[in-house]
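Here is the structure we will look at.
Keep in mind that the numbers below use all heavy atoms, side chains included, and drop hydrogens, waters and symmetry copies. Because the structure is predicted, anything quoted here is derived from the model rather than measured.
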Amino acid sequence: LAGKGATACVLYPGWVDTGIADIAFGGDDIASKMIKLAFPAFLRNLIRPEAVAAGVVKGLEKRKSHIMIPARWIPIAALRGIVNIMTDRFLSRNSNLQALIYQLEQRHKK
């Protein structure tokens with residue numbers, strides 16, 4: 001549909017301050033420990049839904065192909081090929097995180 005002027009946009013929100021994020025940020029002890037182990041402090045900050053909405057409006061007005069909110073995630077996305085390799089290695093070698101995943105899986109098998 002590009003010939004007709006149609007475009008698309010993809011939204012990449014960070015941690016949005018919603019009920020879903022509440023589980024990972026204090027609402028569930030295992031999930032909260034996993035987030036703390038897996039993400040550096042500067043990537044654990046929640047963003048308000050209103051900030052996401054404002055960023056979406058601004059991005060759509062500029063007809064951006066992608067919108068990343070908050071901006072602190074942009075370097076991670078730009079380096080995702082390298083970051084993904086590092087993340088996989090970290091996850092495969094971190095026995096604490098693996099133990100938490102196991103606990104979470106066992107809890108939900110009941």
To the closest 0.5 Å, what do you measure between [atom1] ([X]) and [atom2] ([Y])?
X     : Y     : atom1 : atom2 : result
Leu79 : Ile85 : CG    : CD1   : 11.5 Å
Ile20 : Phe25 : CD1   : CZ    : 12.5 Å
Asp28 : Met34 : CG    : CE    : 9.5 Å
Ile76 : Met68 : CD1   : CE    : 10.0 Å
Ile23 : Ile30 : CD1   : CD1   : 12.5 Å
Cys9  : Leu60 : SG    : CG    : 5.0 Å

Verdict with reasoning, Asp22 to Asp17, per side-chain contact (heavy atoms from CB on, under 4.5 Å):
CA-CA 7 Å; Asp22 287 347; Asp17 193 3; 3.9 Å; yes

Determine whether more than 12 heavy atoms belonging to other residues, nucleotides or ligands lie under 6.0 Å from atom CZ of Arg80.
no

State plainly whether one hydrophobic cluster holds both [X] and [Y], where clusters connect Ile, Leu, Val, Met, Phe, Trp and Tyr through side-chain heavy atoms under 4.5 angstrom apart.
X     : Y     : result
Leu43 : Val52 : no
Ile35 : Tyr12 : yes
Leu37 : Met86 : no

Residue pairs passing the ring pair (Phe, Tyr, Trp, His ring centres under 6.0 Å) test where at least one lies in residues 31-58, sequence neighbours excluded
Trp15-Phe39

Any side-chain heavy-atom pair of Ile47 and Pro13 under 4.5 Å:
no

Is the shortest side-chain heavy-atom distance between Val16 and Ile69 below 4.5 Å?
no

Less than 3.5 Å apart, which donor and acceptor atoms pair up between the side chains of residues 93-102 and the rest of the protein, not counting sequence neighbours?
unit_1: Asn94; atom_1: OD1; unit_2: Asn96; atom_2: N; d: 3.1
unit_1: Asn94; atom_1: OD1; unit_2: Leu97; atom_2: N; d: 2.8
unit_1: Gln98; atom_1: NE2; unit_2: Leu91; atom_2: O; d: 3.0
unit_1: Gln98; atom_1: NE2; unit_2: Ser92; atom_2: O; d: 2.7

At their closest point, which heavy atom of Ser32 faces which heavy atom of Gly26, and how far apart are they?
OG-N, 2.7 Å

Does the Arg72 side chain pair with the main chain of Asn45, one donor and one acceptor, at a distance under 3.5 Å?
yes

